[in-house]
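Quick note on labels: first sequence line is chain A, next is B, and so on, each numbered from 1.
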Protein chains: 2
Amino acid sequence: MQITLKDIARMAGVAESTVSRALNDKKGVGEETKLKILKIAKEHNYRPNQLARGLAAKKTNMIAVFLSEMDSPSNIEIVKHLEAAAESEDYQIILCNTNNQEEKEKRYLSLLESNQVDGAIFIGGKLVGSHLLRASFSSDNSIVLVNRLAEENFFTSVLTDYSSGIYQAVKHLIKQGYQKIALVSGPKDNLVEEEKTTGYMEALEESELKLNHDLIYSTESSREAGYNAFLKIIESEVIPDAFISTKELTTIGLVEAIKMGGYFIPDDFAVVGYGDNILTSIIEPPLTVLSEPLAELAKKSFYFLLKLINDGLDSQKIEVLNPSLIIRDSSIKKYN
Amino acid sequence: MQITLKDIARMAGVAESTVSRALNDKKGVGEETKLKILKIAKEHNYRPNQLARGLAAKKTNMIAVFLSEMDSPSNIEIVKHLEAAAESEDYQIILCNTNNQEEKEKRYLSLLESNQVDGAIFIGGKLVGSHLLRASFSSDNSIVLVNRLAEENFFTSVLTDYSSGIYQAVKHLIKQGYQKIALVSGPKDNLVEEEKTTGYMEALEESELKLNHDLIYSTESSREAGYNAFLKIIESEVIPDAFISTKELTTIGLVEAIKMGGYFIPDDFAVVGYGDNILTSIIEPPLTVLSEPLAELAKKSFYFLLKLINDGLDSQKIEVLNPSLIIRDSSIKKYN
DNA sequence: CCCACTTACGCAAGCGCTTGCGAAAACTTG
DNA sequence: CAAGTTTTCGCAAGCGCTTGCGTAAGTGGG
């Protein structure tokens with residue numbers, strides 16, 4: 001059996017409460033006593049039982065991280081940074097892979113509801129669950145949304161300005177001389193995808209290019225989906241000369257389809273992909289991509305959550321970060 | 001405040017103990033009473049407080065997953081499958097990214113020691129911490145090692161037979177007509193890396209090729225390391241005509257270095273990489289790789305752990321799975 | 001040197017649940 | 001129908017910790 005507070009108390013000849021206070025560095029215990037207690041605790045390699053502590057203090061030092069897609073390198077990267085931040089603040093991360101399924105999200109939500117975690121961070125994901133979230137939230141839980149839009153600005157969120165990102169991408173392509181730019185975005189039931197379309201349309205409008213709805217294609221986020229997207233799009237009446245793809249795996253699939261079709265990038269089609277990760281940099285040609293400040297996204301959201309946990313609701317806010325366009329070979333017109 | 005067992009008990013007009021038994025489907029409560037209790041619980045959306053439950057029952061339904069490298073797609077894939085298995089058995093996963101640092105591993109080990117988790121799965125990682133592990137283990141914790149070798153066969157483990165994998169790879173290369181095969185493996189302080197060398201040497205010996213120690217290179221696991229490995233190796237006296245690289249990112253870096261040097265794969269150098277993932281399949285040329293049965297690895301280890309948790313030590317065992325060689329362009333000699 | 005004030009510590013309740021035990025009630029069976 | 005057996009359920013202790021409150025000891029000022 002593990003050594004307990006009581007044991008330490010007995011050894012030190014003091015009350016449990018004193019030991020507890022000493023260990024938690026609270027006031028109300030003399031310097032000398034504290035030192036003695038700490039010494040004994042260390043000697044016996046005492047580990048507080050976090051469950052008991054959580055039960056008594058209503059604080060678990062654990063947060064749930066809801067991951068909409070584990071296949072996305074960006075998401076993984078965010079988790080990595082979250083883990084680092086959490087570790088430095090002595091928090092534990094519970095991984096909740098929801099796979100964009102409302103069902104799974106709901107199941108994991110009970111972690112929040114049963115007070116097993118102090119808060120939760122949602123990375124990406126559809127709109128769907130928002131009302132559920134809200135229900136959990138009202139039972140005074142701390143929640144932060146990362147790159148996830150809800151109907152109302154109810155939650156503390158940190159978002160990437162996808163609209164401006166896509167806007168930049170379109171502008172860049174136009175400048176390079178591309179005229180018929182296709183947009184391949186993620187599922188429609190995700191509000192952030194709508195935003196992307198907004199940025200796309202703004203840029204077109206400003207450049208007085210005509211908007212063609214055949215060139216806007218939305219599909220799920222996977223390699224196959226990207227592959228098929230290309231096949232579908234080139235079937236349409238107007239053949240694009242450039243693609244903007246807003247999901248990581250989709251981008252890869254798209255490029256593969258292009259190459260498989262015997263076309264060349266950027267000669268036949270320019271491609272602007274998404275995510276500055278190893279994938280987009282090793283594929284040939286290296287892809288121009290929209291890149292999010294992932295580390296910042298992670299850090300911001302974690303500390304927002306921390307603030308929510310500690311200070312309560314008053315500190316709710318929304319932060320928008322800008323993506324940047326990393327220009328590589330796939331969108332540089334060679335012969336003009 | 002959350003609704004509690006006591007509340008349900010009051011509403012149902014029974015004792016807390018009865019509610020507890022009903023909810024946990026234990027015997028000792030009449031069918032009728034049970035139904036009534038369940039109904040009330042559902043109506044009020046009752047969620048048991050897992051902390052209290054854990055404290056009382058000494059069981060948390062959480063396991064820690066120690067991840068030695070979060071950059072490795074294979075590791076992530078394993079985690080993904082673990083998460084799925086855990087979810088199906090109503091377990092939660094706590095993510096512990098150790099980055100191969102003993103310090104971090106030690107810190108996270110206290111999760112085990114403080115009874116916050118029922119067990120732990122270690123994915124990869126160095127030997128270093130084994131004595132620590134053992135210490136934690138002796139305090140009756142359940143531990144399963146995945147692709148991690150300890151000095152003694154003390155822990156329940158599920159391993160990939162790297163030795164045979166590399167053996168296969170070498171044989172394949174020889175068959176293709178390659179004669180001077182270099183091996184780029186991971187850090188030496190990792191026992192599984194030694195195993196790889198074993199397989200390599202066995203295959204060479206059997207084929208009566210001379211072993212050249214300049215062709216065995218061990219380095220850390222990263223893109224840069226792979227890049228540099230190539231540069232170092234071609235500086236040596238004997239220039240290889242093929243590379244076997246045993247780490248995912250290392251493999252990518254190696255290929256990049258080869259291409260950057262103006263060489264062609266497989267004409268100048270054959271490459272056998274590691275990990276059947278998106279990376280190795282999109283790089284050009286597509287890489288012949290050693291592939292582990294990741295899903296199986298994950299599932300096996302999870303259920304081993306479950307057994308350990310439920311039945312105790314007696315069921316300790318070691319399972320070895322075979323990797324397979326996926327042959328693609330990078331190791332097919334074009335002109336012979 | 002006494003009173004007010006601060007500081008150090010112990011007491012005990014309580015967090016929400018599980019579980020061993022015993023009593024009462026409901027069944028058996030000869 | 002009595003005695004034994006089984007089932008159903010409540011009581012209460014306890015998991016290991018935190019925390020409000022009360023008391024004893026220590027401090028300083030008049």
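Checked by atom type, the side-chain pair B:N100/B:S68 shows no donor-acceptor distance below 3.5 Å.
In this structure, the NZ atom of B:K6 is 13 Å from the P atom of D:dC11, given to the nearest Å. Look at NZ on A:K27: it is 12 Å from C1' on C:dT6, rounded to the nearest Å. Taking atom CG of residue B:L5 and atom P of nucleotide C:dT19, one finds them 12 Å apart after rounding to whole Å.
Summary of helix geometry: the two end axes of the helix from C:dC1-D:dG30 to C:dG30-D:dC1, each defined by five base pairs via their C1' atoms, are inclined to each other by 30° (rounded to 10°).
A donor-acceptor contact under 3.5 Å is not formed by the side chain of A:R47 with the base of D:dG16. Within 3.5 Å, no donor on the side chain of A:T4 pairs with an acceptor on the base of D:dC17, nor the reverse.
For C:dC9, one of the phosphate oxygens OP1 or OP2 lies less than 4.0 angstrom from a side-chain nitrogen or oxygen of A:T33. An OP1 or OP2 oxygen of D:dT18 is reached within less than 4.0 angstrom by a side-chain nitrogen or oxygen of A:N24. Distances shown here put every side-chain N or O of B:K59 at or beyond 4.0 Å from the OP1 or OP2 atom of D:dC15. OP1 or OP2 of C:dG16 has not a single side-chain nitrogen or oxygen of B:Y46 nearer than 4.0 Å. The shortest distance between the side-chain N/O atoms of B:S20 and the OP1/OP2 oxygens of C:dT18 is below 4.0 Å. For the pair B:T18 and D:dG10, the criterion of a side-chain N or O lying under 4.0 Å from OP1 or OP2 is met. Dashed line: the shortest gap from a side-chain N or O of A:R53 to OP1 or OP2 of D:dT18 is under 4.0 Å. In this structure, B:K58 reaches the D:dG16 phosphate: one of its side-chain N or O atoms is under 4.0 Å from OP1 or OP2.
Of the residues near DNA chain D, B:V29 and B:A57, the one whose nearest nucleotide (by heavy atom distance) lies more toward the 5' end is B:V29. Along DNA chain C, the nucleotide nearest A:R21 and the nucleotide nearest B:N49 are compared for position; the residue whose nucleotide lies closer to the 5' end is A:R21.
In terms of modelled atom types and a separation under 3.5 Å, the side chain of B:N147 and the main chain of B:I123 share no donor-acceptor contact. Judged by distance alone, the side chain of B:E220 and the main-chain N or O of B:P187 form no donor-acceptor pair under 3.5 Å.
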Applying salt bridge (charged side-chain N to carboxylate O under 4.0 Å, His left out) to A:E16 and A:K6, what does each step give before you reach the verdict? CA-CA 6 Å; A:E16 291 183 44; A:K6 201 197 276 181; 5.2 Å; no

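Taking the six-membered ring for Trp and thresholds of 30 and 60 degrees, B:F66 and B:F122 have nearly parallel ring planes, at less than 30 degrees apart.
Among the atoms of the strands shown, none is found under 4.0 Å from any heavy atom of B:Q50. B:G28 comes within contact range of at least one nucleobase, with a heavy-atom separation under 4.0 Å.
Between B:E105 and B:R148 a salt bridge is recorded (basic side-chain N to carboxylate O distance below 4.0 Å). Salt bridge present: B:K39 and B:E43 bring a charged side-chain N and a carboxylate O closer than 4.0 Å.
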